Every structure is written in C-alpha cells, then in structure tokens.
Amino acid sequence: LNSTKSGDANMSCDLHSAKVLPTRCKRVALDIGTNIGTDSLFYLKHGMCVVGVDALPQMINETAQLTREYGNSISLLNAGLAESDGGCLRVFTPKGRTIWASLDYSKAMSYVRTPRQIIVSTVPSVPCERLWTFVPPGVRPLLMKIDIEERHYLCVEALERVAPSVRPVYVSWEQHFGYARNLSFPLLDVRLMLLMSSLGYDRIKVVSNRRGRIGNAHTTSGLPEKFPDAATNNITWRSVPDLLKAGVGSPVPWRGYTDWFDFQMKLSDKVRYAGPT
C-alpha cells in the first residue's frame, strides 16, 4: 500500500481529456497542480492559454467547471507526475480533506486516525516533460507554476530534458519542507536553484505566501514581475549568487498563519532571445 507506483493489471491508467492547445495560443501557462482552478482562471483572464494537470479527478473537474467559458484555451490532464512514463500512481486522499491528498501513504495517514479514512485512487503516471506535447509546437510557455506537494523537484529537474528553445520564461515552485529525498529545508531547493542557474535562469525571487494577505501567492499579486521578494520587500529580481550569499532565510508566521515560500526564477534575456538550439 505504501508504494506509489504499481503495475496492477486491474488498474486503468489511460490518459483522458487533455488535447493539444490550438495553434493560436502563443502565450501559455503550465499549471502543474491546478487544485480547484483559481490559478488557471487567473492565467486565462490575463490572455494566456493553459495546460493544467492534477492527480485528483475532483480537482480537474472543478477546474474545468471554473474555466468552462474559455473553451479550448485550456487543456486539462488528470495524471500524477513521476520520473518515468507509463503505469499507475496511487493517490491517497484523507476523507473530508481533499486538499491533503498525497502520493505518500504515511503523509496522508497523518491527517486521519485509521486507514479506513483513506480513499485510494489511481491515475496515469507521466513525466513533466510530457506536458509539452499539449503545447503548440515551437511555443515557449510564458510560465510554469509547480505546486504538487513535495514533488515539485520532478518538474524543475525535467527542464534539463526540455529543448532550450521552449523552456518557460518564468518558473515557480513551492518550497520543499523536508520530506522530499529526505533533505532538510532548504538543501533541495538550493540544489534546484543551482540547476536552474545552469540552464540560464539567472534571476530569482523568494516570495512569501502569507505576508500582507491570505491566499494563493500565485494569483493574488499578479504575474511574476509583480511579486515582492520576501527579503527585500520590493519587486526587484536578485541573482542566485546574491541570494545564496545572503541566505535563503526561513518563512515566519504572519498574523497567526504558517507561512511558506515560493521560489520564482526568470530566464535570462540572453538565453531567451538566443534563437532555437
């Protein structure tokens, strides 16, 4: 039961619903972890097309309902992200706590008292780079938002396997709290920053999810250029060496609420406009 991947022949893991966005879509957002769809809706309202993915069918259904007026400007995929293609992933959902669903059985169990309170479902397993098959050929997504509960690293690392000419301009992922790869915060995130820097992402912001507001950091303040950095409290981007020299810092409670960070990185103009490689 603790294994997240299975070859059980009785499990149906066919990909459903997702379609390639129409060729008119030149500004694309990859919404990885749609939740109820508020981020996808925000991107659509700002003139983007969206490829959205979530492991929970109820989240995909809610996103579809919330964004239904935008028709084929959004393509939704019910799947779990993994390092390899094919097979199934088990999703463990605590009854009454859909938001705490996890691919980690022990983590899901931490929110309930007995195993009977866990709902087990299965979804197709796909690597993050598979999402580019739903983006029109040759289009560089404007942004990629990653919020898939301690598995954000999968999609950051996948950028190594994506053609440089179609890597997103902006990439955002939620901090890893210490579950992923058994690395305490911020070791894994620092590794990811260095990886991103090697791919040409030379600017970074550390964004508070709570400071000055309650809600989802990805949609409240606007697009990445508008987010204030938690350390400087202004919208100016920092270099990765400058950030690491100063230290990543730790999120602090805000008005009684637990805070956490999003790391946002921007592709350098030199790389962005270098032409196809």
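Because the structure is a prediction, the values reported are computed rather than measured.
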Open item on the list: Is the ring pair Phe185/Phe263 parallel, tilted or perpendicular, if the boundaries are 30 and 60 degrees?
Closed with: parallel

Task: Nearest heavy-atom neighbours spanning Asp54 and Asn35 - done: OD2-N, 3.0 Å

- [ ] Test Leu243 against Val206 for side-chain contact (heavy atoms from CB on, under 4.5 Å), laying out the working first.
- [x] CA-CA 9 Å; Leu243 183 145; Val206 179; 3.3 Å; yes

TODO: Look only at the side chain of Ser75 and the backbone of Lys19, and say whether a donor-acceptor pair between them is shorter than 3.5 Å.
DONE: yes

Atom pairs and distances, donor-acceptor, side-chain atoms in residues 195-204, under 3.5 Å, two or more places apart:
residue	atom	partner	partner atom	Å
Ser198	OG	Leu195	O	2.5
Tyr201	OH	Pro168	O	2.5

Task: salt bridge (charged side-chain N to carboxylate O under 4.0 Å, His left out) involving Glu83 - partner list, sequence neighbours excluded - done: Arg181

Open item on the list: Strictly distance-based, threshold 3.5 Å: is any side-chain N or O of Trp132 a donor or acceptor partner for the main-chain N or O of Val166?
Closed with: yes

Task: Non-hydrogen side-chain atoms of Leu103 and Ile148 separated by less than 4.5 Å - done: no

TODO: Indicate yes or no for a side-chain donor-acceptor contact from Lys205 to the backbone of Pro224 under 3.5 Å, with no hydrogens or angles considered.
DONE: yes

TODO: State, without any angle test, whether Thr34 and Thr63 hold a side-chain donor-acceptor pair at a distance under 3.5 Å.
DONE: yes

Open item on the list: Between Lys145 and Gly33 (side chain of the first, backbone of the second, donor and acceptor by atom type, cut-off under 3.5 Å), is there such a pair?
Closed with: yes

Task: Nearest heavy atoms of Ile118 and Pro94, plus distance in Å - done: CD1-CA, 4.0 Å

Task: Distance, nearest 0.5 Å, that separates CG of Asp104 from CZ of Arg151 - done: 9.0 Å

Task: Arg27 CZ to His46 NE2 distance, which is reported to the nearest 0.5 Å - done: 9.0 Å

Task: Gap between atom OG of Ser102 and atom CE of Met109 - 0.5 Å precision - done: 12.5 Å

TODO: Kindly give the heavy-atom pair with the smallest separation between Asp262 and Glu174, and that separation in Å.
DONE: OD1-CA, 3.4 Å

Task: Sidechain-backbone polar pair: Asn78 side chain, Ala55 backbone, donor-acceptor under 3.5 Å - done: yes

Task: Atom pair OH (Tyr43) and CG (Leu223), whose distance is rounded to the nearest 0.5 Å - done: 8.0 Å

Open item on the list: I need the Met59 CE to Leu76 CG distance, nearest 0.5 Å.
Closed with: 13.5 Å

Open item on the list: Checking the side chain of Arg140 only, and the main-chain atoms of Val169 only, is there a donor and an acceptor separated by less than 3.5 Å?
Closed with: no

Task: Exam field: side chain Gln175 to backbone Phe261, donor-acceptor pair closer than 3.5 Å - done: yes

Task: Lys26 (side chain) donor-acceptor with Thr23 (main chain) under 3.5 angstrom - done: yes

TODO: For Ile235 and Lys226, work out which heavy atoms get closest and say how close.
DONE: CG2-O, 3.4 Å

Task: Any donor-acceptor N/O pair, Gln117 side chain to Thr114 backbone, under 3.5 Å - done: yes

TODO: Mind checking side-chain hydrogen bond (donor to acceptor under 3.5 Å, both in side chains) for Trp237 and listing every partner two or more places apart, or none if nothing turns up?
DONE: Glu225

Open item on the list: To check you understand the geometry: which heavy-atom pair defines the closest contact between Ser73 and Leu44, and what is its length?
Closed with: O-CD2, 3.7 Å

Task: Approximate separation, where rounding is to 0.5 Å, of Ser172 OG and Asp147 CG - done: 8.5 Å

Task: For Leu81 against Pro127, the heavy-atom pair lying closest together - done: CD1-C, 4.0 Å

